[in-house]
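As structure tokens, the structure follows; a few thoughts come after it.
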2 protein chains.
Amino acid sequence: MSRNEFSCDCNVIHQEAVDEVLQKMPNEDTFNHLADLFKLIGDTTRCRILFALDQSEMCVCDLANVLNMTKSSISHQLAVLRRSGVVKCRKSGKEVYYTLDDEHIVKLFEIGLVHINHKG
Amino acid sequence: MSRNEFSCDCNVIHQEAVDEVLQKMPNEDTFNHLADLFKLIGDTTRCRILFALDQSEMCVCDLANVLNMTKSSISHQLAVLRRSGVVKCRKSGKEVYYTLDDEHIVKLFEIGLVHINHKG
DNA sequence: TTGACAGTTGAATAATTATTCATATATAAT
DNA sequence: ATTATATATGAATAATTATTCAACTGTCAA
């Protein structure tokens, strides 16, 4: 199936290395999920929302004030984050309160921040 | 400056929480760099290239075969990764060999993989 | 020197997506 | 009931970007 139809336009130069790496490569789904996760936090607005929610539970208006953006923008991004399962919300009166619902996000941020300090 | 011109279209509901979070928020540049880092690895092709290079030094043709994509595609993405300083290359004869040049990338992948296994 | 191969790169195309705008819903207050 | 507020959401717009295609450079071999 996947290995029988070739899209690459060149020959293998180091067959051993290629075979060895091919064996260790995770499947397509894994890479798609991995890329989706990083894509999710690869946006300034979502980064800031998640960072804020890591400090404190917040409603949409508070987030809009912290980020200095419209409620609509924030709400759209919160919907994305909610669909991906990294934040959860509870309703109380007119307001909807959001919290971070994923332990790994903060760890990724920590390593990311170390990375930034190491480079320019 | 940044706090005097308001783009948000609502009032603060919880002033204390907002102030506290605002104090702890990193600056704009930090979030931009952080988002750029995650954007960099938030692409299936680049994920696979980086994963492959973590296993073994490889030339462009080998990578094209491992990923089953054209040399041109791979080369374009390698250029992106090179500009961001996460891979480096050495030339030998006709070939150009790429290696991973960033300790943090692998750590981010590890956490990402744990994340995937925890969720769907 | 000619041809083949490895790799790069600019331009074009296609796809994705963040924000805005307008509107809709639900809750609270008057 | 009516009005104001908090939030959500669909559609449109604008910006970003991954891949393809074509052309180019540099290296090796004959």
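Just so we're on the same page: letters track the sequence lines, and every chain starts at 1.
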Would you please test B:Phe109 and B:His104 for ring-ring contact (aromatic ring centres under 6.0 Å, His included) and show each step?
CA-CA 9 Å; B:Phe109 280 167; B:His104 304 111; over 10 Å; no
Audit row: B:Phe38, B:His33, ring-ring contact (aromatic ring centres under 6.0 Å, His included) steps and yes/no
CA-CA 9 Å; B:Phe38 293 128; B:His33 289 141; over 10 Å; no
Looking at side-chain heavy atoms only, is the closest gap between A:Thr44 and B:Leu34 below 4.5 Å?
no
OP1 or OP2 of C:dA6 less than 4.0 angstrom from a side-chain nitrogen or oxygen of B:Tyr98, does that happen here?
no
Closest-nucleotide mapping onto DNA chain C: is B:Ser75 or A:Thr70 further toward the 5' terminus? I mean the 5' end.
B:Ser75
Between C:dA28 (P) and B:Asn11 (CG): distance, integer Å:
18 Å
Output the rounded distance in Å from OH (B:Tyr97) to P (C:dT8).
13 Å
Please work out if B:Asp43 contacts a base, only the sugar-phosphate, or nothing of the nucleic acid, heavy-atom cut-off 4.0 Å.
sugar-phosphate
Min side-chain heavy-atom separation B:Glu20-A:Gln55 under 4.5 Å:
no
Stretch residues 81-95 of chain B: residues that reach within less than 4.0 Å of DNA chain D through a heavy atom
B:Gly93, B:Lys94
Between D:dT25 (P) and B:Lys71 (NZ): distance, integer Å:
16 Å
Under the 3.5 Å rule, do the base of D:dT19 and the side chain of B:Ser72 count as making a donor-acceptor pair?
no
Separation of atom CG in A:Asn65 from atom C1' in D:dT5, rounded to whole Å
14 Å
For the residue pair A:Gln15 and A:Asp19, confirm or rule out a side-chain donor-acceptor distance under 3.5 Å.
yes
Are the side chains of A:Val96 and A:Cys59 in touch, meaning some heavy atoms are under 4.5 Å apart?
no
Protein-nucleotide distance (B:Lys39, atom NZ; D:dA18, atom P), rounded to Å:
10 Å
According to the 5.5 Å centroid and 30° plane-angle thresholds, does B:His76 stack upon the nucleobase of C:dT8?
no
Could you point out which residue of A:Leu81, A:Val86, A:Thr99, A:Leu63 forms a side-chain contact (heavy atoms from CB on, under 4.5 Å) with A:Leu53?
A:Leu63
Enumerate the residues from residues 50-61 of chain A whose closest heavy atom to DNA chain D is under 4.0 Å, giving them by residue number; use none for an empty result.
A:Cys59, A:Val60, A:Cys61
The answer to which of A:Asp9 and A:Thr45 contacts DNA chain C further toward the 5' end, by nearest nucleotide, is A:Asp9
Looking at A:Glu103 and A:Lys107, is there a salt bridge between them, counting it only when a charged N and a carboxylate O are closer than 4.0 Å?
no
Between A:Ser73 and B:Ile13, the residue closer to the 5' end of DNA chain D by nearest nucleotide is B:Ile13
When rounded to whole Å, the CG to P distance for the pair A:Asp36 and D:dA18 reads 14 Å
Among the clusters formed by ILVMFWY side chains lying less than 4.5 Å apart, do B:Ile111 and A:Val114 turn up in the same one?
no
Just N and O in the side chain of B:Gln77: are any of them under 4.0 Å from OP1 or OP2 of D:dT17?
no
Pairwise salt bridge (Lys or Arg N to Asp or Glu O under 4.0 Å) hits with a residue in residues 55-70 of chain B, at least two apart
B:Glu57-B:Arg90
Return the value, rounded to whole Å, for the distance between atom CG of B:Asn68 and atom C1' of D:dA18.
17 Å
Taking CE from A:Met69 and P from C:dA18, how many angstroms apart are they, rounded to a whole number?
10 Å
